[in-house]
Amino acid sequence: MRERGSGSLFREKYRDKKTGRLKVCRTWTMKLWVGGKALKRPSETTSRAVANKKLEQWKAEVRQGIYVPDADQTRFDDLASLLLDEYRANGRKSLDRMEDAVNHLREFFAGCRAQAISTERTLAYVRHRQEHPAANATINRELAALKRMFRLGEKVGRVVRRPYIDMLQEHNARTGFFERSEFDAVLAHLPDDLRAVFEVAYDTGWRVKSEILPRRWVHVDFRSGWLRLEPGETKNGEGRQFPLTPDLRAVLERQRERTTAEEKTTGAIIPWIFHRSGKPIKSFRRAWVTACTKAGIPERIPHDFRRTAVRNLERAGVPRSTAMKMVGHRTESIYRRYAIVDEAMLKEGAAKLQILHDTQQSPASNVVRLADAKRLGSSSGRVARPKREKIGPATRGKWSKSGGKNMVGRDGIEPPTPGFSVLCSTN
C-alpha cells in the first residue's frame, strides 16, 4: 500500500483524433497533492525509474518549501504589476521614476517568463541600454527595479529563485553648485511667482518639487521662527524644520504680503505659500531652463541647491550633525557626497598652506643663553628692547661663535620654561 502523500506515477490516456481509439502516452506523468490540491507535472521521460527520481525531487522541494506551483506561469508583466501596485499602495514619491524604469524594462522583457530572466539575460539588457545610450546610473535604477520585482514575487509565492543581478559602477556624480553671483543672475530672469521658491531653496537646500512647493502657511511659524516639513513629507519619512534666518524670513514675509493681496482680489483663501494666481505650482521646467540659459549657466539644475546649501553650511563652520538635520541627510556618507569643495575653497586652503610654508621658511629667531642674558642686564632672562636695539652685527657674531643657538635645549627639545632661553630679534 502506497504511503499517503508519497505521490504517484501514471501514463495519461488520450483518444486518437483520426481513429477514435483510446491510447496511452509513452511518457510518465507525476501526481502530487500540495496544500489540498492535486498537482500534475510531466516527467518528460519514458523510464519509470527516471520518472520516480524526478518525483522524489519534487517532493523534496515541497517539503523544503521551495516549490512554487505557479512559478512556471509567472511572467515579467506580473512582476511589474506587483512592483507598481506596491509603490501606489505605499504612496511612494518616486512612483513616476519607477514607472519610467519599468517601461524601459518592459521593452526588453515583455512576455518573458520569470524563470527565463537569468543573469545572462540581464547582462544582455545592460548591453542593450548602453547601446542606446543610457548612463550607468540610469541603468542601475532600472536593475534595482528588476531586483525589487523578484523580491516581491518571492514573497507572494510567484517566483522560485532570484537571478544574480550585478550593478554597474557610476561615474557621473553631479558636482554643480551656485555662487551667489550666478544665483542672482538666474533669479533676475525668473518669473515673479518662482523667485521666492528658489530663494528658499538657496537658503535651505530642500528639494524644490517635493518639499518646497507643497509648503502651506500652516508650516510657517513666524513667531517662533521655523519653516517645517511634517513627518511623511520628506524622502526619508522624517520631519524637519529650518530656522528662519533674516533672509529667509524676509522672503516669506514678502510672499505673505503677495498672497494676502491675491486673496483680497479673488476673495478666496490661498493655503499654499508658493502659487500661481492662487493655484499650486506644478511645473517650472521651461521657466527654469530659460532663466539659466539667459544667465549663461544652462547646465544648472534645481538639485544643485542642495549641494550649494551644504557647501555654505560647511563654509560657515556649522557642525556636521546640525547641518545634516537642517538639509535633511540621514547618514553622513550621503552628506559627504554633497559637501563638494569648489575652486574658491581650494584656493583658500592653498593660501593657508602657503602661510604655513612662509612661517616655516622664515629665518629662525636667535636664542640667547640665560648667562648671556643676565650679563646683558635682564633678571628675567629676556633682553630689554633698548639693549636689543644697541646690539650690533659684531656682537651678534660673537654670540654665534660663542655658542648662541636656535630655540632648542641641550637635548634638542624646545625649552619648557621662559627662563631657559630668550628670544632675541635680529633686526
Side-chain angles (χ1 to χ4, degrees), residues 1-86 102-129 142-167:
M1 184 176 180
R2 188 173 71 251
E3 182 182 356
R4 183 178 177 85
S6 60
S8 61
L9 296 172
F10 65 95
R11 288 176 175 174
E12 292 274 11
K13 295 181 179 181
Y14 69 98
R15 191 171 297 278
D16 193 327
K17 294 182 180 180
K18 293 183 179 180
T19 63
R21 296 178 59 183
L22 193 64
K23 294 185 177 181
V24 179
C25 291
R26 296 181 59 195
T27 58
W28 291 92
T29 300
M30 303 178 293
K31 182 178 180 181
L32 189 64
W33 285 81
V34 179
K37 182 179 179 181
L39 302 178
K40 295 180 182 180
R41 176 186 283 187
S43 66
E44 300 177 348
T45 180
T46 59
S47 170
R48 184 181 179 90
V50 176
N52 190 60
K53 288 182 179 179
K54 291 187 175 183
L55 177 61
E56 293 298 325
Q57 293 176 357
W58 187 16
K59 290 192 293 185
E61 291 176 358
V62 173
R63 286 193 297 267
Q64 295 173 9
I66 61 177
Y67 170 70
V68 180
D70 300 327
D72 54 346
Q73 302 298 324
T74 303
R75 298 183 179 274
F76 169 82
D77 293 332
D78 301 325
L79 299 180
S81 298
L82 277 176
L83 177 64
L84 295 179
D85 290 343
E86 191 266 343
V102 170
N103 289 336
H104 285 293
L105 291 166
R106 185 176 284 115
E107 293 176 0
F108 191 84
F109 294 110
C112 290
R113 295 181 184 272
Q115 293 180 344
I117 302 177
S118 60
T119 302
E120 292 80 7
R121 186 74 170 162
T122 58
L123 289 175
Y125 172 76
V126 170
R127 292 193 296 270
H128 165 74
R129 292 290 288 139
E142 296 165 5
L143 294 178
L146 188 61
K147 282 186 175 183
R148 180 65 177 165
M149 290 180 193
F150 276 95
R151 283 196 295 268
L152 290 174
E154 191 177 47
K155 286 182 179 179
V156 300
R158 303 289 298 274
V159 173
V160 177
R161 60 168 183 81
R162 288 180 287 162
Y164 174 75
I165 301 176
D166 195 13
M167 309 299 281

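The model shown is predicted, which means the values in this text are computed figures rather than measured ones.
From R75, atom CZ reaches atom OG of S81 across 13.5 Å, with rounding to the nearest 0.5 Å. Note that NZ of K54 is 10.0 Å distant from OG of S47, once rounded to the nearest 0.5 Å. Interatomic distance, S43 OG to K53 NZ, rounded to the nearest 0.5 Å: 13.5 Å. Rounding to the nearest 0.5 Å gives a distance of 14.0 Å between NE2 of H128 and CG of L123.
In this structure, D166 and V126 have side chains that are not in contact, with every pair of non-hydrogen atoms separated by 4.5 Å or more. Looking only at side-chain heavy atoms (C-beta outward), K40 and E12 come within less than 4.5 Å of each other. Taking the side chain as every heavy atom from C-beta outward, P163 and R121 never approach each other to under 4.5 Å. Side-chain contact check for T27 versus R11: every heavy-atom pair is 4.5 Å or farther apart. Between M149 and V102, some side-chain heavy-atom pair lies under the 4.5 Å cut-off.
A distance-only check finds a donor-acceptor pair linking the side chain of T119 to the backbone of Y164 [under 3.5 Å]. Listed for the W28 side chain is no donor-acceptor partner under 3.5 Å among the backbone atoms of F10. Side-chain atoms of D85 never come within 3.5 Å of backbone atoms of L82 as a donor-acceptor pair (strictly under, hydrogens ignored). Remark: side-chain polar atoms of T74 are paired, donor with acceptor, to backbone N or O of R158 under 3.5 angstrom.
Under the 4.0 Å criterion applied to side-chain N and carboxylate O atoms, E56 and K59 are assigned as salt-bridge partners.
For the pair A114 and L79, the tightest heavy-atom approach, listed with the atom from each and the gap, is CB-CD1, 4.0 Å. Annotation for R106 and A80: closest pair NH2-CB, 3.7 Å, computed over non-hydrogen atoms. The two residues V24 and K13 make their nearest non-hydrogen contact at CG2-CG, 4.1 Å. For L83 against L152, the heavy-atom pair with the smallest separation is CA-CD1, 3.7 Å. Taking every heavy atom of both residues into account, W58 and L39 meet most closely at CH2-O, 3.6 Å.
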Next on the checklist: Could you go through L9 and M30, starting from their C-alpha distance and side-chain angles, then the distance that decides it, and tell me whether this counts as side-chain contact (heavy atoms from CB on, under 4.5 Å)?
Outcome noted: CA-CA 5 Å; L9 296 172; M30 303 178 293; 3.5 Å; yes

Checklist entry - Does the side-chain contact (heavy atoms from CB on, under 4.5 Å) test come out yes or no for L146 and E142, once each step is laid out? => result CA-CA 6 Å; L146 188 61; E142 296 165 5; over 6 Å; no

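Among residues two or more places apart in sequence or in another chain, the ring-ring contact (aromatic ring centres under 6.0 Å, His included) test is passed with Y125 by F108, F109.
Every pair passing salt bridge (charged side-chain N to carboxylate O under 4.0 Å, His left out) that includes a residue from residues 143-152 is listed here, sequence neighbours excluded: E86-R148.
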